[in-house]
**Student:** 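The structure that follows is given in the form of structure tokens.
Values below: every heavy atom of this structure, side chains too, minus hydrogens, waters and symmetry copies.
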Amino acid sequence: MTDKQNLLGMDLETLTSELQEAGHKPFRAKQLLRWVHQRSEADFSNMTDLAKGFRAQLEDRYCIHSLSPILDKTSNDGTRKWLFDVGNNNAIETVFIPEDDRGTLCISSQAGCTVACPFCSTGYQGFNRNLSTAEIIGQLWYARSELQKNQSVARIDGQMPVEPERVVSNVVMMGMGEPLLNYKELLPALRLMLDDHAYGLSRRRVTVSTSGVVPMMDRLAEDCPVALAVSLHAPNDELRDRLVPLNKKYPLRELLAACNRYLEHAPRDFVTFEYIMLDGVNDSDQHADELIEIAKQVRCKLNLIPFNPFPQSGLKRSSNNRVRAFSERLQNAGIVTTTRKTRGDDIDAACGQLAGDVKDRTKITQKRRDDEVIPVADGVIPIYEVRQ
């Protein structure tokens, strides 16, 4: 493995500083960003508007090292999933979701996850490590370059009218991991996504999803405000303590206050609350009414997510009729409510199914407590609580 620095992990400020220390003009950093991120070029010798001597220096000190895919699967609905090797028998997943008016890339921020929500398969694998900035951006770099290749071929056949460079129009940090628990590496990655010399995405088209890490929500609002999605999943503390264990540290009162502070800086005038629909757990009319009360406190829209079952969870998806009734109750109260279309579930790429080969190397243990269960219509579901 090379000891050269990976340019994929450097935002404009870092790269400019690096090159200036080596005696190069600041504009060289912008040139490099365009070659690496806009043209997906990994070979310095092909960067023809750079002097040969400069290219030789770059070759000596830097590399452009992307992630190595070990799996590439495409769903019947066009959703595409890559499994990337990140070393030590660990893997992360990246998912591309094509739609008529946009292409959304779902990116991972950690190998595994510490939050351990019982409805998410990633949480059952434990946590190995944070990803580096280069590994976060590497997912976008690789996916974009691969999709451009495929799109260029399709255009030759007259089947694809969209320009290749626009194939990834939206990025959501909703893959494996809790992004705000990897803030140091996340921030420069976000800045690269927004940089006009790199990916040039608007703040409205980059979304960070969090389970509610309140202090880091405040930092993100100051440092790099993008669209915000909050994994709510329960309308009261008692239930959310079980479904989103992080709630024990940052309960709803603190979380909602943080959402309102974030909105003072956000590119959108609302926060998206993600709400997974679990049969007999959080899908009653009473739960909907509690959500209505929350919506009175924070400008928001609700995104209802049909649960994608997996064996370890013991949970069931709410019926279509229940989801529809739940949604109508919210909409009748004037709340903008959408129901997420299930995509990629035939290749385990749907929400909550991201499950790479992640080894648990933390001191976290999961202990079943008989007195901690979620009552459901036909019995009880044990909830596993994460304890240090």
**Student:** Without swapping roles, check the side chain of R317 against the backbone of L278 for a donor-acceptor pair under 3.5 Å.
**Tutor:** no
**Student:** Can you name the nearest heavy-atom pair linking M10 to L33, along with the distance?
**Tutor:**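 Nearest heavy atoms, M10 then L33: O-CD2, 4.0 Å.
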**Student:** Can you tell me how far the CG atom of L19 sits from the CG atom of L15, to the nearest 0.5 Å?
**Tutor:**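 Answer rounded to 0.5 Å: 4.5 Å.
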**Student:** Report yes if some heavy atom in the side chain of V167 is under 4.5 Å from a heavy atom in the side chain of F96; otherwise report no.
**Tutor:**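 Side chain of V167 against side chain of F96, heavy atoms only: contact under 4.5 Å found.
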**Student:** Can you name the nearest heavy-atom pair linking A333 to I292, along with the distance?
**Tutor:** CB-CD1, 3.6 Å
**Student:** Indicate yes or no: at least one non-hydrogen side-chain atom of C259 is less than 4.5 angstrom from one of M217.
**Tutor:**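 A side-chain contact exists here, since the closest heavy-atom pair is under 4.5 Å.
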**Student:** Taking the inter-plane angle between the rings of Y142 and F84 on a 0 to 90° scale, is it parallel (under 30°), tilted (30 to 60°) or perpendicular (over 60°)?
**Tutor:**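 Aromatic pair Y142/F84 classed perpendicular.
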**Student:** Determine, for E146 against K149, whether the closest basic-nitrogen to carboxylate-oxygen distance falls under 4.0 angstrom.
**Tutor:**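 Salt bridge: yes.
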**Student:** Looking only at heavy atoms, what is the nearest atom pair of T133 and P188, with distance?
**Tutor:**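 Heavy atoms of T133 and P188 come nearest at OG1-CG, 3.3 Å.
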**Student:** If we only count heavy atoms from C-beta on, is the R340 to L304 side-chain gap below 4.5 Å?
**Tutor:**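 Result no, sub-4.5 Å side-chain heavy-atom pair not found.
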**Student:** Can you list the residues that meet the side chain to side chain donor-acceptor pair (under 3.5 Å) rule with R34, with sequence neighbours excluded?
**Tutor:**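 With sequence neighbours excluded, R34 shows a side chain to side chain donor-acceptor pair (under 3.5 Å) to H197, given in chain and number order.
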**Student:** For the residue pair F119 and H233, is the inter-centroid distance of their aromatic rings smaller than 6.0 Å?
**Tutor:** yes
**Student:** For the backbone of I276 and the side chain of N282, can you confirm whether one donor and one acceptor N or O come within less than 3.5 Å of each other?
**Tutor:**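 Yes: the side chain of N282 pairs with the backbone of I276.
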**Student:** Taking all non-hydrogen atoms of both residues into account, name the closest pair between G138 and L8 and its distance.
**Tutor:**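 Between these two residues, the closest heavy atoms are CA-CD1, 4.1 Å.
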**Student:** List the steps, then state whether side chain to side chain contact (heavy atoms under 4.5 Å, CB included) holds for L302 with Y275.
**Tutor:** CA-CA 7 Å; L302 266 294; Y275 196 92; 4.2 Å; yes
**Student:** Relative to each other, are the rings of H24 and F54 parallel, tilted or perpendicular (30° and 60° limits)?
**Tutor:** tilted
**Student:** How about Q20: does its CD atom have over 12 heavy atoms from other parts shown lying under 6.0 Å from it?
**Tutor:** yes
**Student:** Side chain of N90, backbone of V86: donor and acceptor closer than 3.5 Å?
**Tutor:**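 Checked: no pair found.
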**Student:** Flag the pair W82 / I70 as yes when at least one side-chain heavy-atom distance between them is below 4.5 Å, and no otherwise.
**Tutor:**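 Side-chain contact under 4.5 Å: no.
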**Student:** Side chains of E274 and N303: donor-acceptor distance under 3.5 Å anywhere?
**Tutor:** yes
**Student:** For D223, I'd like to know if atom CG has over 12 heavy atoms of other residues, nucleotides or ligands within 6.0 Å.
**Tutor:** yes
**Student:** Are R253 and D237 ion-paired here, with the side-chain N under 4.0 Å from a carboxylate O?
**Tutor:**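 No, this pair does not count.
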**Student:** E41 side chain to D43 main-chain N or O, any donor-acceptor pair under 3.5 Å?
**Tutor:** yes
**Student:** Are the charged groups of E254 and K249 less than 4.0 angstrom apart, N to O?
**Tutor:**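 Salt bridge between E254 and K249, a charged N being under 4.0 Å from a carboxylate O: no.
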**Student:** For the residue pair P306 and M277, establish whether any side-chain heavy-atom pair is separated by less than 4.5 Å.
**Tutor:**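 The answer is no, as the side chains (C-beta and beyond) never meet within the 4.5 Å cut-off.
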**Student:** Apply side chain to side chain contact (heavy atoms under 4.5 Å, CB included) to residues E93 and M176 and explain how you reach the verdict.
**Tutor:** CA-CA 7 Å; E93 296 189 359; M176 297 171 70; 4.3 Å; yes
**Student:** Counting C-beta onward and ignoring hydrogens, is there a side-chain heavy-atom pair between V171 and T104 closer than 4.5 Å?
**Tutor:**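 They are not in side-chain contact.
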**Student:** Strictly by side-chain hydrogen bond (donor to acceptor under 3.5 Å, both in side chains), give each pair with a member in residues 170-180 just once, sequence neighbours left out.
**Tutor:** N170-R205, E178-T210, E178-S211
**Student:** Would you kindly say whether D49 and W35 are connected by a side-chain donor-acceptor distance under 3.5 Å?
**Tutor:** yes
**Student:** Restricting to non-hydrogen atoms, name the atom on S169 and the atom on L201 that form the minimum distance, rounded to 0.1 Å.
**Tutor:** O-CD2, 3.5 Å
**Student:** Would you say V281 and R242 make side-chain contact, with heavy atoms under 4.5 Å?
**Tutor:**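 A side-chain contact under 4.5 Å is absent here.
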**Student:** Do E13 and S17 meet the criterion of a side-chain donor-acceptor pair at a distance under 3.5 Å?
**Tutor:**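 Absent: no donor and acceptor within the cut-off.
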**Student:** Looking only at heavy atoms, what is the nearest atom pair of A29 and L12, with distance?
**Tutor:** CB-CD1, 3.9 Å
**Student:** Looking at residues at least two apart in the chain, or sitting in another chain, which of them share a ring-ring contact (aromatic ring centres under 6.0 Å, His included) with F273?
**Tutor:** none
**Student:** With the side chain counted from C-beta on, respond yes when T272 and V230 share a heavy-atom pair under 4.5 Å apart, and no when they do not.
**Tutor:** no
**Student:** Let me know which of D279, D283, D285 forms a salt bridge (Lys or Arg N to Asp or Glu O under 4.0 Å) with R322.
**Tutor:** D285
**Student:** Any link between F270 and M173 through a network of hydrophobic side chains (Ile, Leu, Val, Met, Phe, Trp, Tyr) touching at under 4.5 Å?
**Tutor:**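 No, separate clusters.
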**Student:** Any sub-3.5 Å donor-acceptor pair from N247's side-chain atoms to V244's backbone N or O?
**Tutor:** no
**Student:** Apply side chain to side chain contact (heavy atoms under 4.5 Å, CB included) to residues V95 and R80 and explain how you reach the verdict.
**Tutor:** CA-CA 6 Å; V95 178; R80 188 171 177 182; over 6 Å; no
**Student:** Regarding R102 and E99, does a basic nitrogen lie under 4.0 Å from an acidic carboxylate oxygen?
**Tutor:** yes
**Student:** Ignoring hydrogens and angles, tell me if any N or O in the side chain of R55 forms a donor-acceptor pair with the backbone of L50 under 3.5 Å.
**Tutor:** yes
**Student:** Using modelled atom types only, decide if a donor and an acceptor are shared between the side chain of E135 and the backbone of S132 within a distance under 3.5 Å.
**Tutor:** yes
**Student:** So, does W141 use its side chain to make a donor-acceptor pair with the main chain of H65 at under 3.5 Å?
**Tutor:**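 Not at all, since once roles are kept as given, no pair shorter than 3.5 Å links the two residues.
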**Student:** Looking at S40, is its backbone amide N or carbonyl O close enough to the side chain of S145 to form a donor-acceptor pair, meaning the two atoms are under 3.5 Å apart?
**Tutor:** no
**Student:** Is the side chain of R144 donor-acceptor paired with the backbone N or O of H37 at a distance under 3.5 Å, no angle test?
**Tutor:** yes
**Student:** Assess whether side chain to side chain contact (heavy atoms under 4.5 Å, CB included) is satisfied between R261 and V214, documenting all intermediate values.
**Tutor:** CA-CA 10 Å; R261 291 194 298 272; V214 167; 3.7 Å; yes
